[in-house]
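Structure record follows, encoded as structure tokens.
Just so you know, ligand 1 is whichever comes first in the structure, and atom 1 is the first atom listed for that ligand.
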Amino acid sequence: MENKFNHLIDMDDYSVAQWNELVELAEKIKANPEEYSEKCKGKIMATLFYEPSTRTQMSFQAAMIRLGGNIIGFDNPSNSSVAKGENLKDTIKIVSTYSDILVMRHNQEGSAKAAALNANCHVINAGDGGHLHPTQTLTDLLTLKCELGRLDNLTVGLCGDLKYGRTVHSLVKALACYPNNKFVLISTPALALPSYIKDFLISHKCEFTEVKTIDECIGKLDMLYMTRIQRERFDSDEEYERQKNVYCLTKSKMQYARKDMIVMHPLPRVNEIETEVDDDPRAAYFRQANNGMYVRMALILKTMFSSPRIKPLLTGEIHNDVCCTNPKCVTQTEKYLPHSFVKYGDIYICEYCDERILK
Ligand code: NCD
């Protein structure tokens with residue numbers, strides 16, 4: 001049977017059956033890690049982190065080491081040729097010939113797809129700006145499965161920075177594909193979920209409501225997903241200052257939550273969950289971070305040994321005379337990239353960063 005675990009740029013690169021397969025494999029690895037300790041012997045994984053990271057980077061590295069493989073890479077691009085002005089294409093072209101799998105985090109939206117276009121091995125998106133973060137979503141799916149025993153029939157509250165929080169974007173897109181999941185979006189209007197994700201919910205006939213406070217919905221939730229306000233993505237410090245302390249989960253708010261609700265957070269936490277909540281058995285965020293390593297072991301195993309990609313990476317119309325209007329899109333600086341747009345009615349969507357463009 002053909003193994004189809006190729007590049008992971010967005011969750012929809014894999015089918016729901018494949019997500020389930022990864023979660024099941026991660027559960028098996030978690031129960032019996034020794035059995036997998038030699039599976040990647042002689043293999044190399046490159047981790048290229050252009051942006052800060054603790055959990056994602058180290059859990060990927062620990063995952064590869066626990067599979068018996070080796071790692072190369074950088075976590076500070078200023079120590080690499082990037083500081084000399086090397087473009088993404090050249091870095092990826094070279095590093096992907098040194099390694100069997102490449103994991104990249106980058107500050108520009110759509111950078112993971114841009115990297116995959118030029119890679120000689122499978123690329124895994126470990127976060128592309130404020131856009132997507134699929135391996136955090138795999139971590140979240142494993143956590144829901146371990147904690148609540150299911151990925152469907154859930155009422156999920158997402159709180160905080162829904163605009164720039166890439167973990168939220170990938171998670172919503174994934175959970176919308178399981179039956180009967182409902183979403184409560186808890187944010188200020190300035191940090192609301194982007195329209196392209198709301199459109200995704202509408203097209204998947206998923207129920208969602210938008211509210212302003214945790215208090216008005218916490219009692220109805222199976223899971224509350226808290227997020228950090230993404231300071232580094234704001235255009236001005238003043239705007240960040242206005243948004244930064246709006247949401248904080250406390251012990252007193254937890255009194256109104258159901259006994260079987262869980263609290264998740266991709267971490268790092270700044271001040272959106274009081275440390276007093278940590279001892280509540282419903283606080284699942286540290287267990288969630290631990291799950292990240294097991295699901296990444298599963299992902300490395302599946303992608304490492306899969307056949308080369310057949311599906312083309314760009315499927316839209318190429319219009320090199322049209323520029324994406326998102327200033328954070330990778331096409332703004334990586335000038336060699338074909339400008340590819342997918343057409344929906346009168347709207348064109350940038351195939352790298354999902355920005356809507358009226359042509
Ligand atoms: C998240 C990220 O980098 O997007 N962290 C993570 O990967 N665990 C969330 C965040 O930085 O707030």
Who's the nearest protein heavy-atom neighbour of atom 8 (N) of ligand 1, and how far? P266 O, 2.9 Å
Atoms in ligand 1 flagged as close to Q136, the criterion being non-hydrogen separation under 4.0 Å: 6 (C), 7 (O), 8 (N)
Would you call the rings of Y50 and H106 parallel, tilted or perpendicular if under 30° counts as parallel and over 60° as perpendicular? tilted
Quick one: do the Q57 and T47 side chains pair a donor with an acceptor below 3.5 Å? no
Indicate yes or no: does E51 engage R233 in a salt bridge with an N to O separation below 4.0 Å. yes
Between D279 and K251, does any side-chain N to carboxylate O distance fall below 4.0 Å? no
Below 4.0 Å, non-hydrogen atoms only: which portion of R105 touches ligand 1? Side chain, backbone, both or neither. side chain
P268 to ligand 1, any heavy atom closer than 4.0 Å: yes
For the residue pair W19 and Y178, categorise the inter-ring angle as parallel (less than 30°), tilted (30 to 60°) or perpendicular (more than 60°). tilted
Atom 11 (O) of ligand 1 has as its nearest protein heavy atom R228 NH2, 2.9 Å
Using heavy atoms and a threshold below 4.0 Å, how should the contact between T167 and ligand 1 be classified: side chain, backbone, both, or neither? side chain
Any ion pair linking R269 and E272 (charged N to carboxylate O, less than 4.0 Å)? no
Check this for me: does any side-chain nitrogen of one of D215 and K253 sit under 4.0 Å from a carboxylate oxygen of the other? yes
Ligand 1 to E232 polar contact by distance, N or O atoms, under 3.5 Å: no
To check your reading of the model: name the closest protein heavy atom to atom 5 (N) of ligand 1, its residue, and the distance in Å. L267 O, 2.9 Å
Nearest non-hydrogen protein atom to atom 3 (O) of ligand 1, with distance, is R166 NH2, 2.9 Å
Measuring from non-hydrogen atoms of Q230 to any atom of ligand 1, is the shortest distance under 4.0 Å? yes
Would you mind checking which non-hydrogen protein atom is closest to atom 7 (O) of ligand 1, with the distance to 0.1 Å? H133 NE2, 2.7 Å
Under 4.0 Å between a side-chain nitrogen and a carboxylate oxygen: does that hold for R228 and E232? yes
